[in-house]
Chemist: 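Supplied in structure tokens, the structure appears directly below.
Because the structure is predicted, anything quoted here is derived from the model rather than measured.
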Amino acid sequence: MERDVGVAETLIAAARQLSARLATLHFAPPVTHTYDPLTYAWAAHEMYLRRYAAGHRRVVFLGMNPGPFGMVQCGVPFGEIAAVRDWLGIVAEVQQPAPENPWRPIEGFACIRSEVSGRRLWGLFRERFASAESFFDEHFVANYCPLAFFERGRNLTPDKLPADEATALRSACDAHLQALVAALQPQWVIGVGAFAAVRASTALAGTGVRIGRVLHPSPASPAANRGWAEVASKQLLALGVWQ
């Protein structure tokens, strides 16, 4: 991979700024707990940016927000523990958030639960590109929102927030996405699922970046459960993102 340390430093600063801005927001019930892995799992996230965001990338895959057994545990987008540890080569100490959600404890890299969406996403990339270095030569994976929201043990997605809370959240996340795209200078931003694609279209309007979408790999999606990797590959080939 061609490396430009300045790009990684820009994204590290942008992530810290986003985290600080989001820390000023408040979320009313039914949200009982909010996790920001850019704080307690910062060491792994910074390692991810330094290793894999040091230069321009042709394609950025954009997820919605962290999953409870993925980025919530390890600080890496779609962060299936086995994939992050064994394929990306990232392992770092994860702190305990305060307050911790007793229904969703943070176990860090010791978490044995599988983040199915991440297993499917990184599994496709590993199958197609073999090495992480080959994949990241032209690609990067990010999340639109770094916060995870819970109603006790139930995961709440950002699209379910009340309008006033969603407006403040989207303002911060749009600004960060704009900064990320300005640094990485991709030709494509691919929303992993409808929410991310819509947010990318809105935040990046007028930039010239092409926006696409692939099916979300969530196990809650019957279509994804019928062979997500094949469907997503066909979508990327049809868009012209892959050849």
Chemist: I need the full list of salt bridge (charged side-chain N to carboxylate O under 4.0 Å, His left out) pairs touching residues 59-84, with sequence neighbours left out, sorted by first then second residue.
Modeler: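 Listed by first then second residue: nothing to list.
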
Chemist: For the hydrophobic clusters of this structure (ILVMFWY residues joined by side-chain heavy atoms under 4.5 Å, transitively), does one cluster hold both Met47 and Phe78?
Modeler: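 The answer is yes; both residues are in one hydrophobic cluster.
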
Chemist: List the residues meeting side-chain hydrogen bond (donor to acceptor under 3.5 Å, both in side chains) with Glu151, not counting sequence neighbours, and say none if there are none.
Modeler: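 For Glu151 the side-chain hydrogen bond (donor to acceptor under 3.5 Å, both in side chains) partners, ignoring immediate neighbours, are Arg154.
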
Chemist: Could you list all the side-chain hydrogen bond (donor to acceptor under 3.5 Å, both in side chains) pairs where at least one residue sits in residues 7-20, not counting sequence neighbours?
Modeler: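 Non-adjacent pairs meeting side-chain hydrogen bond (donor to acceptor under 3.5 Å, both in side chains): Glu9-Arg50, Ser19-Asp36.
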
Chemist: With rounding to the nearest 0.5 Å, note down the distance linking OG1 in Thr34 to CG in Leu147.
Modeler: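 Thr34 OG1 to Leu147 CG: 6.5 Å, rounded to 0.5 Å.
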
Chemist: Flag the pair Leu124 / Arg120 as yes when at least one side-chain heavy-atom distance between them is below 4.5 Å, and no otherwise.
Modeler: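 Contact flag for Leu124/Arg120 side chains = no.
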
Chemist: Short question: side chain of Tyr35, backbone of Asn101 - any donor-acceptor pair under 3.5 Å?
Modeler: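 Side chain of Tyr35 to backbone of Asn101, a donor-acceptor pair under 3.5 Å: yes, one is there.
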
Chemist: Kindly write out the residues that satisfy side-chain contact (heavy atoms from CB on, under 4.5 Å) with Ala179, not counting sequence neighbours, or none if the list is empty.
Modeler: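 For Ala179 the side-chain contact (heavy atoms from CB on, under 4.5 Å) partners, ignoring immediate neighbours, are Ala14.
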
Chemist: To the nearest 0.5 Å, how far apart are NE2 in His176 and CG in Leu22?
Modeler: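 Here the rounded value is 9.5 Å.
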
Chemist: How about Phe125 and Phe61: are their ring centroids closer than 6.0 Å?
Modeler: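 Ring centres of Phe61 and Phe125 closer than 6.0 Å.
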
Chemist: What residues form a side-chain contact (heavy atoms from CB on, under 4.5 Å) with Thr32, not counting sequence neighbours?
Modeler: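 Per chain and number, Thr32 pairs via side-chain contact (heavy atoms from CB on, under 4.5 Å) with Arg152.
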
Chemist: Measuring from Cys173:SG to Met64:CE, what's the distance to the nearest 0.5 Å?
Modeler: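 Answer rounded to 0.5 Å: 12.0 Å.
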
Chemist: Provide the closest heavy-atom pair for Ala197 versus Gly212 in the form atom of the first, atom of the second, distance.
Modeler: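 Closest heavy-atom pair between Ala197 and Gly212: CB-O, 4.0 Å.
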
Chemist: Ignoring hydrogens, what is the shortest heavy-atom contact between Pro66 and Pro146? Give both atom names and the distance.
Modeler: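 Nearest pair, atom of Pro66 first, then Pro146: CG-O, 3.1 Å.
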
Chemist: Mind checking ring-ring contact (aromatic ring centres under 6.0 Å, His included) for His216 and listing every partner two or more places apart, or none if nothing turns up?
Modeler: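 Per chain and number, His216 pairs via ring-ring contact (aromatic ring centres under 6.0 Å, His included) with no residue.
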
Chemist: Is there any side-chain hydrogen bond (donor to acceptor under 3.5 Å, both in side chains) pair reaching into residues 60-75, and which pairs are they, with sequence neighbours excluded?
Modeler: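 Output for this query is empty, none listed.
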
Chemist: Less than 4.5 Å apart, any side-chain heavy atom of Pro158 and any of Leu169?
Modeler: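 In short, these two side chains touch, coming nearer than 4.5 Å.
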
Chemist: Of the non-hydrogen atoms in Ala54 and Val7, which two are nearest, and what is the gap between them?
Modeler: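 Result for this residue pair: C-CB, 4.4 Å.
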
Chemist: Can you give me the closest heavy-atom contact between Tyr48 and Pro77, atom names plus distance?
Modeler: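 Scanning both residues completely, I find the closest heavy atoms to be CE2-CD, 3.7 Å.
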
Chemist: Checking side-chain polar atoms at under 3.5 Å, does Ser131 have a donor or acceptor matched by the opposite partner on Ser134?
Modeler: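 There is such a pair between these side chains.
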
Chemist: Residues two or more places apart in sequence or in another chain: which of them pass side-chain contact (heavy atoms from CB on, under 4.5 Å) with Gln187?
Modeler: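 Partners of Gln187 by the side-chain contact (heavy atoms from CB on, under 4.5 Å) criterion, ordered by chain and then number, come out as Arg58.
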
Chemist: Between Tyr40 (side chain only) and Val72 (backbone N and O only), is there a donor and an acceptor less than 3.5 Å apart?
Modeler: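 Yes; judged by distance alone, with no hydrogens or angles, the pair exists.
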
Chemist: When the aromatic ring centroids of Phe140 and Tyr52 are compared, is their separation below 6.0 Å?
Modeler: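 Not under 6.0 Å, so no.
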
Chemist: Would you mind reporting whether Phe129 and Phe136 have side-chain heavy atoms less than 4.5 Å apart?
Modeler: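 The answer is no; the side chains never approach within 4.5 Å.
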
Chemist: Checking Glu46 side chain against Ile12 main chain: does a donor-acceptor pair fall under 3.5 Å?
Modeler: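 Judged by distance alone, no pair lies under 3.5 Å.
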
Chemist: For a quick test of your reading: what N or O donor-acceptor pairs under 3.5 Å do the side chains of residues 104-112 make, sequence neighbours left out?
Modeler:
residue, atom, partner, partner atom, Å
Arg104, NE, Gly153, O, 3.4
Arg104, NH2, Gly153, O, 3.2

Chemist: Which residue pairs satisfy the side-chain hydrogen bond (donor to acceptor under 3.5 Å, both in side chains) criterion with at least one member in residues 158-174, sequence neighbours excluded?
Modeler: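 Counting only pairs at least two positions apart or across chains, the side-chain hydrogen bond (donor to acceptor under 3.5 Å, both in side chains) contacts touching residues 158-174 are Arg21-Ser171, Tyr144-Asp174, Thr157-Asp159, Asp174-Arg199.
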
Chemist: Is it true that Val60 and Leu49 fall in one hydrophobic cluster, defined by side-chain heavy atoms closer than 4.5 Å?
Modeler: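 Val60 and Leu49: one cluster.
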
Chemist: List the atom pairs, with distances to 0.1 Å, where a side-chain N or O of residues 230-243 and a protein N or O form a donor-acceptor pair under 3.5 Å, not counting sequence neighbours.
Modeler:
residue, atom, partner, partner atom, Å
Glu230, OE2, Lys234, NZ, 3.3
Ser233, OG, Ala229, O, 2.8
Gln235, OE1, Leu215, N, 2.8
Trp242, NE1, His139, NE2, 3.0

Chemist: Please assess Gln178 against Val181 for the test side chain to side chain contact (heavy atoms under 4.5 Å, CB included), listing each intermediate value before the final yes or no.
Modeler: CA-CA 5 Å; Gln178 290 159 1; Val181 164; 6.0 Å; no

Chemist: Would you tabulate the side-chain donor-acceptor contacts of residues 82-98 under 3.5 Å, counting partners in other chains and residues two or more places apart, or write 'none'?
Modeler:
residue, atom, partner, partner atom, Å
Trp87, NE1, Ala130, O, 2.7
Gln96, NE2, Glu100, OE1, 3.4
Gln96, NE2, Glu100, OE2, 2.8

Chemist: Check whether Glu138 reaches the backbone of Arg57 with its side chain - one donor and one acceptor, N or O, closer than 3.5 Å.
Modeler: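 Answer holds: no.
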
Chemist: When hydrophobic residues are tied together by side-chain contacts of less than 4.5 Å, even through go-betweens, does Leu184 share a cluster with Ile211?
Modeler: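 Hydrophobic grouping puts Leu184 with Ile211.
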
Chemist: In the single-linkage hydrophobic clustering (I, L, V, M, F, W, Y; side-chain heavy atoms under 4.5 Å), do Phe69 and Leu38 co-cluster?
Modeler: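 The answer is no; the residues belong to distinct hydrophobic clusters.
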
Chemist: When you compare the side chain of Asn155 with that of Phe150, does any pair of heavy atoms fall below 4.5 Å?
Modeler: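 A side-chain contact under 4.5 Å exists here.
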
Chemist: Can Leu18 be reached from Leu177 by stepping across I, L, V, M, F, W or Y side chains whose heavy atoms are under 4.5 Å apart?
Modeler: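 Different clusters: Leu177 never reaches Leu18 through Ile, Leu, Val, Met, Phe, Trp or Tyr contacts under 4.5 Å.
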
Chemist: Minimum heavy-atom separation for Ala53 and Leu11, please, with both atom names.
Modeler: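 Closest approach of Ala53 to Leu11: CB-CD1, 3.6 Å.
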
Chemist: Using every non-hydrogen atom in the two residues, find where Val192 and Pro217 come nearest and quote the distance to one decimal.
Modeler: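 Residues Val192 and Pro217, closest heavy atoms: CG1-CD, 3.5 Å.
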
